[in-house]
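Accompanying notes for the structure given below.
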Amino acid sequence: MSEEKSLNFIEEIITQDLASGKYASILTRFPPEPNGYLHIGHAKSICLNFGLAKQFGGKTNLRFDDTNPAKEDIEYVDSIKEDVKWLGFEWAKECYASDYFDQLYTFAVQLIEKGLAYVDDSSAAEIAEQKGTPTAPGTGNAFRNRSIAENLALFADMKAGKYADGEKVLRAKIDLASPNMHMRDPLLYRIKRAHHHRTGDEWCIYPMYDFAHGQSDSIENITHSVCTLEFIPHRALYDWCIEQLGIYPSHQYEFARLNMTYTVMSKRKLLQLVEEGHVESWDDPRMPTISGMRRRGYTADSIRDFCDRIGIAKRENIIDLSLLEFCVREHLNKIAQRRMVVTNPIKLVITNYDVGEEILHSENNPEDPNGGTRNVPFSNELWIEREDFMEEPTKKYFRLGPGLSVRLKSAYIISCESFEKDAEGNITTVYANYHPNSKSGQDTSGIPVKGTLHWVSAKHAVPVVLNEYDRLFSVEDLASAEGDFKDFMNPNSLKKVEAYAEPALANDALVARFQFLRKGYFYQDTNSTKDKLVFNRTVTLKDTWAKEQKK
RNA sequence: UGCCUGAUGGUGUAACGGUAGCACAACUGUUUUUGGUGCAGUUUGUCUUGGUUCGAAUCCAGGUCGGGCAACCA
């Protein structure tokens, strides 16, 4: 505990604010728009905002930024709450920007009364035109000079529903020549007749992000409002609103959003994958959504660990997917129950085993001395992996082949004597001798073996289905890849595989996380049933043999 | 050709004028009844040019390159 971990730039700011007495305690917020499911990028923001509060003894609000009814839905609100909870965080208050609609309307009226806002009858295209370009200043229009009384009346009529959608907007009167495009008389309110998931049809005018977010922060007395880099140009407007309204001064700070190799991270694109059927659903285990990762078998611990490791800074970044996988493996290695499952089987017959069958014992987790053992039935007919036998073994092959010996995990050492092929030349059966004095834990045989194989007794095997997932995309950096991101989808991102499992798997608690020996980490799928067990591959084990083979 | 940002190994992230460190990735070796895990080690870096200083990744000036900004989205 003596090692001082260095602080990121936001932690430094908070440390100073607390030390100087600017704040007695801090209040942060996580402000998603309920228009999609949360993804790993949101996890970074959640861990940051809730983590900051926890670290400095403050609190965090969960606030839904629900100012655009056309895109939002209660389904998303529910999923967001579930995901934040699952990640292990508790919010102080559950807030909605829509709860502030009355207050926001009053703020707008105040701005009009100060001569700082006006109703504009121009079309969207005209307004865009009049805003100019980053290198050319905008031009005003006649509406900019309307009287306060007229603006007040017009805005009241907008609210009362006297105008059609898009007919009028309320704009702030700031500076049409500002080098910051966001300060060129930004829109504050638009008319939009859409059913809101919370306020129903009560309103036909809705505040824009820039008129809702900062004020919502202020209303809740948020001290540190942390968002991503693309909002930097909005900060001037954020501050302007707070200053003109004379309300609680929340402050905005920006950090770089998460990008990850082989992954798309925008809600728009993720929505597209779902709607066009490229994946099953938002919680498809290949999706980078929190719900997808949960279904795939990622643990909340490992995601939090990942967010901790990637750090917080202001420079653009792209994190290796392998770091996330490392975090998952590291946690799962410690907690996963070991089981044996054979996916691509060939029959192994032990010719001199005349005991019939016996019950062997295998440790549930070698990383956990208190993990206990389970019963594993053994007999003279077993399933082993096809790739664990080679007719003409190469030099570094440590598995089975004519004349070679291996250890069967938690069982005996066997020596291969012969094998059979079918008409097409495929290996069908391998015959071996076992060494009775080599039993696991009481081996006196002294036979040196280099390989240990997993196996399943054929007579006792339980059929299961494995979903073997691979990355959804085949290029590292999708953001800088030319063309449509869907052109880079990996056609082999899901392989459904029939497999044989040891019987203990069927009886185990369904909530357990498993490591199928030498295969990877697996987690029971939400569609799995007692009669048809389905497991999702969370992540493979590291495979140095596969690398060796590629050479 | 405007404004705002940023630049440290392959990828991230520290060093706050004083030994460029850590993690992942890659590669060795070692241990191992998982070709897993563990352990030990190796390789690879301060965008550039000047300046200030005893001393610069850090401060200053110029340049280069990356990202963002012209939605009635957030």
Side-chain angles (χ1 to χ4, degrees), chain A residues 5-8 12 31-33 35 65-68 70-72 120 123-124 127-129 131-138 165-171 178-184 187-192 205-206 208-210 212-213 227-236 254 256 261 267-268 309-327 329-330 333-334 338 340 362-363 366-367 396-399 406-411 413 438 440-441 443 449-454 476 479 515-520 540-549:
Chain A
K5 205 191 165 207
S6 60
L7 302 178
N8 65 48
E12 284 187 358
E33 180 188 13
N35 66 343
D65 225 336
D66 54 350
T67 57
N68 185 5
K71 289 187 178 176
E72 297 155 6
D120 192 330
S123 69
I127 289 175
E129 168 88 41
K131 271 196 182 176
T133 68
T135 50
D165 288 12
E167 199 177 329
K168 286 181 166 49
V169 294
L170 183 72
R171 297 177 71 178
S178 171
N180 182 347
M181 296 297 294
H182 292 275
M183 297 300 271
R184 322 247 267 223
L187 269 67
L188 269 22
Y189 268 89
R190 79 284 211 185
I191 302 171
K192 180 171 259 176
I205 58 171
Y206 290 94
M208 300 294 291
Y209 166 85
D210 285 305
H213 200 98
C227 61
T228 47
L229 255 27
E230 64 269 30
F231 290 97
I232 289 177
H234 295 253
R235 191 174 59 227
E254 311 87 7
T261 54
K267 275 196 213 170
R268 202 194 89 245
R309 286 169 185 265
I310 59 179
I312 299 295
K314 294 188 86 143
R315 78 184 83 116
E316 308 279 337
N317 60 78
I318 179 159
I319 309 279
D320 281 339
L321 181 59
S322 57
L323 179 61
L324 212 207
E325 294 181 338
F326 166 82
C327 294
R329 286 193 190 102
E330 185 172 64
N333 178 49
K334 292 195 187 101
R338 312 293 137 120
M340 294 195 284
S362 190
E363 75 273 14
E367 305 294 314
K396 287 182 178 171
Y397 192 72
F398 302 153
R399 307 177 186 182
V406 295
R407 151 93 45 200
L408 293 176
K409 174 69 183 175
S410 299
I413 291 173
S438 67
S440 200
D443 182 3
V449 291
K450 278 191 164 168
T452 300
L453 309 186
H454 63 279
E476 269 200 27
Q515 182 196 101
F516 295 164
L517 246 54
R518 304 206 296 144
K519 307 237 59 134
T540 60
L541 258 26
K542 264 171 77 176
D543 192 349
T544 49
W545 170 239
K547 279 182 196 164
E548 183 68 34
Q549 279 179 304

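Here is the naming used below: chain letters follow the sequence lines, and residue numbers restart at 1 for every chain. Predicted model only: the values in this text are computed from it and were never measured.
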Quiz item: Would you say B:rC73 has OP1 or OP2 under 4.0 Å from some side-chain N or O of A:Lys192?
Solution: yes
Quiz item: Between B:rG68, B:rG2, B:rC24, which nucleotide has the shortest distance from any of its atoms to the side chain of A:Leu323?
Solution: B:rC24
Self-check item: Salt bridge flag under 4.0 Å for residues A:Lys192 and A:Asp165
Solution: no
Practice problem: Output yes when at least one side-chain N/O atom of A:Lys547 is less than 4.0 Å from OP1 or OP2 of B:rA26, else no. | Solution: yes
Self-check item: Verdict with reasoning, A:His454 to A:Phe516, per ring-ring contact (aromatic ring centres under 6.0 Å, His included)
Solution: CA-CA 9 Å; A:His454 63 279; A:Phe516 295 164; 9.6 Å; no
Quiz item: Does A:Arg315 make a side-chain N or O approach to OP1 or OP2 of B:rU8 shorter than 4.0 Å?
Solution: yes
Exercise. Tell me what A:Lys542 touches on the nucleic acid: a base, only sugar-phosphate, or nothing, going by heavy atoms under 4.0 Å.
Key: sugar-phosphate
Quiz prompt | Side chain of A:Asn68 - closest among B:rU33, B:rA15, B:rC73 | solution = B:rC73
Quiz prompt | Pairwise P distance, B:rA7 and B:rC47 [rounded to whole Å] | solution = 9 Å
Quiz prompt | Candidates B:rU13, B:rA70, B:rU34 - which lies nearest the side chain of A:Ala313 | solution = B:rU13
Exercise. Assign A:Arg399 to base, sugar-phosphate, or nothing according to its heavy-atom contacts below 4.0 angstrom with the strands shown.
Key: base
Self-check item: Gap in Å between the two C1' atoms, one belonging to B:rU37 and one to B:rU30, rounded
Solution: 13 Å
Exercise. In whole angstrom, give the distance that lies between atom CG of A:Leu453 and atom P of B:rU32.
Key: 18 Å
Quiz item: So which nucleotide from B:rG12, B:rG35, B:rC72 ends up closest to the side chain of A:Thr544?
Solution: B:rG35
Quiz item: Between A:Arg190 and B:rC73, does any side-chain N or O lie under 4.0 Å from OP1 or OP2?
Solution: yes
Exercise. Would you indicate, yes or no, if B:rA74 has its OP1 or OP2 atom less than 4.0 angstrom from a side-chain nitrogen or oxygen of A:Thr67?
Key: yes
Quiz item: When the nearest nucleotide of RNA chain B is assigned to A:Leu187 and to A:Lys519 on a heavy-atom basis, which residue is associated with the more 5' position?
Solution: A:Lys519
Quiz item: Less than 4.0 Å between a side-chain N and a carboxylate O, is that true for A:Glu254 and A:Arg235?
Solution: yes
Quiz item: If you measure from the Lys or Arg side-chain nitrogens to the Asp or Glu carboxylate oxygens, is any gap between A:Glu363 and A:Lys409 under 4.0 Å?
Solution: yes
Quiz item: Would you say the side chain of A:His234 and the base of B:rA74 hold a donor-acceptor pair, judged only by whether the two atoms sit under 3.5 Å apart?
Solution: yes
Quiz item: In whole Å, what separates the C1' atom of B:rA56 from that of B:rU49?
Solution: 15 Å
Quiz item: Could you state the CD-P distance from A:Glu33 to B:rA71, rounded to the nearest angstrom?
Solution: 18 Å
Quiz item: Hey, does A:Tyr206 reach any base, or is it just sugar-phosphate, or nothing, if we go heavy atoms under 4.0 Å?
Solution: nothing
Quiz item: How far, in whole Å, is B:rG12 from B:rA25 if one measures between their P atoms?
Solution: 15 Å
Exercise. Describe the nucleic acid contact of A:Ala128 in one word from base, sugar-phosphate, nothing, applying a heavy-atom distance below 4.0 Å.
Key: sugar-phosphate
Self-check item: Atom-pair distance (CD1 on A:Ile319; P on B:rU13), nearest Å
Solution: 6 Å
Practice problem: Round to a whole Å and report the spacing from CG of A:Leu517 to P of B:rG36. | Solution: 12 Å
Quiz item: For RNA chain B, whose closest nucleotide is more 5', that of A:Glu330 or that of A:Asn8?
Solution: A:Asn8
Practice problem: Select one nucleotide: of B:rU1, B:rC72, B:rG12, the one nearest the side-chain heavy atoms of A:Asn317. | Solution: B:rG12
Practice problem: Write down the distance separating the P atoms in B:rU8 and B:rU48, rounded off to the nearest Å. | Solution: 11 Å
Practice problem: Please state how far atom CG in A:Asp66 lies from atom C1' in B:rC73, giving the value in whole angstrom units. | Solution: 14 Å
Quiz item: Considering only side-chain heavy atoms of A:Tyr397, which listed nucleotide, B:rU33, B:rG35, B:rA74, is closest?
Solution: B:rG35
Practice problem: Would you indicate what A:Arg338 reaches in the nucleic acid, counting non-hydrogen atoms under 4.0 angstrom: base, sugar-phosphate, or nothing? | Solution: base
Quiz item: Looking across every strand, which nucleic acid part, if any, lies under 4.0 Å from A:Ser123 by heavy atom: base, sugar-phosphate, or nothing?
Solution: base
Quiz item: Taking 4.0 angstrom as the limit, do A:Arg407 and A:Asp443 come out as a salt bridge?
Solution: yes
Quiz prompt | Candidates B:rC69, B:rG36, B:rA25 - which lies nearest the side chain of A:Leu541 | solution = B:rG36
Quiz item: Quick one: which of B:rG6, B:rG36, B:rC73 gets closest to the side chain of A:Pro366?
Solution: B:rG36
Self-check item: Listed partners of A:Ala313 passing side chain to side chain contact (heavy atoms under 4.5 Å, CB included), at least two apart
Solution: none
Practice problem: Tell me what A:Tyr209 touches on the nucleic acid: a base, only sugar-phosphate, or nothing, going by heavy atoms under 4.0 Å. | Solution: base
Practice problem: Send over the distance from A:Lys131 NZ to B:rC3 C1', rounded to a whole Å. | Solution: 15 Å
Quiz item: So what does A:Ile413 touch, heavy atoms closer than 4.0 Å: a base, only the sugar-phosphate, or nothing?
Solution: nothing
Practice problem: Could you tell me whether A:Lys267 contacts a base, only the sugar-phosphate backbone, or nothing, with contacts defined as non-hydrogen atoms closer than 4.0 Å? | Solution: nothing
Quiz item: At under 4.0 Å between heavy atoms, what does A:Phe516 touch on the DNA or RNA strands: base, sugar-phosphate, or nothing?
Solution: nothing
Quiz item: With a 3.5 Å cut-off and just heavy-atom distances, do the side chain of A:Ser410 and the base of B:rU33 make a donor-acceptor pair?
Solution: no
Quiz item: Is the shortest side-chain N/O distance from A:Ser322 to OP1 or OP2 of B:rU11 below 4.0 Å?
Solution: no
Quiz item: Considering only B:rA15, B:rG2, B:rG35, which nucleotide approaches the side chain of A:Thr135 most closely?
Solution: B:rG2
Quiz item: If you take atom types as modelled and just measure distance, does the side chain of A:Asp320 reach the base of B:rG10 with a donor-acceptor pair under 3.5 Å?
Solution: yes
Practice problem: Quickly work out the A:Glu316 CD to B:rA7 P distance and round it to whole Å. | Solution: 11 Å
Quiz item: Mind pulling the stems RNA chain B is in, i.e. runs of at least three Watson-Crick or G-U pairs, everything under 3.5 Å?
Solution: B:2-7 with B:64-69, B:10-13 with B:21-24, B:26-30 with B:38-42, B:47-51 with B:59-63
Quiz item: Going by the angle between their ring planes, with limits at 30° and 60°, are A:His234 and A:Tyr209 parallel, tilted or perpendicular?
Solution: perpendicular
Exercise. Let me know the distance between CD of A:Glu367 and P of B:rC39, rounded to the nearest Å.
Key: 10 Å
Quiz item: What is the nucleic acid contact for A:Gly441, judged by heavy atoms within less than 4.0 Å: base, sugar-phosphate only, or nothing?
Solution: base
Exercise. Tell me which nucleotide among B:rU37, B:rC69, B:rA74 gets nearest to the side chain of A:Asn333.
Key: B:rU37
Self-check item: N/O donor-acceptor pair, side chain A:Glu254 with base B:rG68, under 3.5 angstrom
Solution: no
Quiz item: Considering only the P atoms, how many Å lie between B:rU46 and B:rG9, rounded to the nearest integer?
Solution: 8 Å
Quiz item: Think A:Arg518 has a side-chain N or O under 4.0 angstrom from the OP1 or OP2 of B:rG35?
Solution: yes
Quiz item: Taking everything shown except A:Glu330 itself, do over 12 heavy atoms lie less than 6.0 Å from its CD?
Solution: yes
Quiz item: Mind checking the P distance from B:rG67 to B:rU11? Whole angstroms is fine.
Solution: 15 Å
Quiz item: Base, sugar-phosphate, or nothing: which does A:Asp443 touch, judged by heavy atoms less than 4.0 Å apart?
Solution: nothing
Quiz item: What interatomic distance, in whole Å, is found between C1' of B:rA23 and the corresponding atom of B:rC60?
Solution: 34 Å
